[in-house]
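The block underneath contains the structure these notes are about, expressed in structure tokens.
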Protein chains: 2
Amino acid sequence: MAKPAPLLQGTLDLIVLELLRSEPTNGYDLAQRIQAVSRDVLQVNAGSLYPALYRLEERGLVKAAWKETDTGRRAKVYSLTAAGRKALESQRAEWARFAGALSHILKRA
Amino acid sequence: MAKPAPLLQGTLDLIVLELLRSEPTNGYDLAQRIQAVSRDVLQVNAGSLYPALYRLEERGLVKAAWKETDTGRRAKVYSLTAAGRKALESQRAEWARFAGALSHILKRA
DNA sequence: GATCACTAGGTTGTCTAGTTATATAGACGG
DNA sequence: CCGTCTATATAACTAGACAACCTAGTGATC
């Protein structure tokens, strides 16, 4: 297994917002999902994820609610706010622009 | 004109290596090229570029040589070393992996 | 010949955000 | 009762990008 790429700074928010859009969940699960859905290419460690979630919450892009999991554990479930959905759209667009420009540079082989 | 996206941390090296591969040049010109070839999507700050060039030189990925431009100005012309070409290949691959994974996440709309 | 714009290289200080390491605590299996 | 998994959290460190400067030479314009 190739070692997971370090997350490019700035992309974690986008990933988190996107995953929360498709389904609200907690931090721990989010980390698992990121790894799973990227087929182990991406990996986020807890020390990056939790602070990122706080930042998003402070900015009003996500909201948190303590809930019980089906196994009886407490978990802080995050979901997108309206502002979060908006931010997701603009971050998606920004990523598309950036990735497009970079791959254009790389393709002029 | 949309304002240029901030460079994602870690991608500047890749861009620089790629542009130097296709043609050795100096820092100032490099900055212009990045903007031009990305159609103004990408833009590098001098305060980012010069330190980046030093780092690349320290790591032995590029080498510098003072030359005179055709207009009689001194300029530090950077070119890729063999190690630089190797590093470029692996950074291209890493970018492809990362961008692929991320766009995969975003496409499961 | 003063002023301005452009080429060219550089530094400093600040801030964001990701990494590693560590801690806590409840649940569950053996 | 011990280890492992779930789950959250924080502190210390670090890389690298940014804004805001500075120097100096060239060439045009007024």
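Letters go in sequence order (proteins before strands), and every chain restarts at 1.
Judged by distance alone, with hydrogens and angles left aside, the side-chain atoms of A:His104 form no donor-acceptor pair with the main-chain N or O of B:Ser38 at under 3.5 Å. Judged purely by atom type and a 3.5 angstrom limit, B:Arg21 has no side-chain atom pairing as donor or acceptor with the backbone of B:Leu80. The main-chain N or O of B:Gly60 is found under 3.5 Å from a side-chain atom of B:Thr81 such that the two form a donor-acceptor pair.
Distance B:Leu56 CG to D:dG16 C1': 12 Å, rounded to the nearest Å. Distance, B:Leu8 CG to D:dA15 C1': 14 Å, rounded to whole Å. Per the geometry, CG belonging to B:Asp70 stands 12 Å off P belonging to C:dT7, to the nearest Å. The nearest whole Å value for the distance from the NZ atom in A:Lys76 to the C1' atom in D:dT6 is 16 Å. In this entry the distance linking CD of B:Glu58 with C1' of D:dA15 reads 14 Å, nearest Å. In this structure, B:Asp13 atom CG and D:dA15 atom P are separated by 13 Å, rounded to whole Å. Taking atom CG on A:Leu49 and atom P on D:dT6, their separation rounds to 15 Å, with Å as the unit. Atoms CG (B:Leu53) and P (C:dA8) sit 14 Å apart, rounded to a whole Å.
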Letter by letter from the 5' end, nucleotides 23-30 of chain C scores (B base, S sugar-phosphate only, - none; protein heavy atoms under 4.0 Å) ---BBS--

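For DNA chain D, the residues of residues 22-35 of chain A within the heavy-atom distance limit of 4.0 Å (strictly under) are A:Asn26, A:Gly27, A:Tyr28, sorted by number.
Considering only side-chain N and O atoms, A:Tyr50 lies under 4.0 angstrom from the phosphate OP1 or OP2 of D:dT8. Taking side-chain N and O atoms only, A:Asn45 has no distance below 4.0 Å to OP1 or OP2 of C:dG18. One finds a side-chain N or O of A:Ser48 lying less than 4.0 angstrom from the OP1 or OP2 phosphate oxygen of C:dT19.
Note on A:Lys86 versus A:Glu89: no salt bridge recorded, every NZ/NE/NH1/NH2 to OD/OE distance being 4.0 Å or above.
Each of B:Arg85, B:Arg92, B:Arg33 was evaluated against B:Glu18; a single residue qualifies, B:Arg92, per the salt bridge (Lys or Arg N to Asp or Glu O under 4.0 Å) test.
Here the nucleotide nearest the side chain of A:Leu12, chosen from D:dA9, D:dG16, C:dG18, is C:dG18.
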In sequence, state the C-alpha distance, the side-chain angles, and the governing distance for B:Leu19 and B:Thr25, and then conclude on side-chain contact (heavy atoms from CB on, under 4.5 Å).
-> CA-CA 9 Å; B:Leu19 291 189; B:Thr25 188; over 6 Å; no

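Considering every non-hydrogen atom in both B:Trp66 and B:Arg74, the closest pair reads CH2-NH1, 3.5 Å.
Heavy-atom distances to DNA chain D give each of A:Gln9 and A:Ala46 a nearest nucleotide, and the one nearer the 5′ end belongs to A:Ala46.
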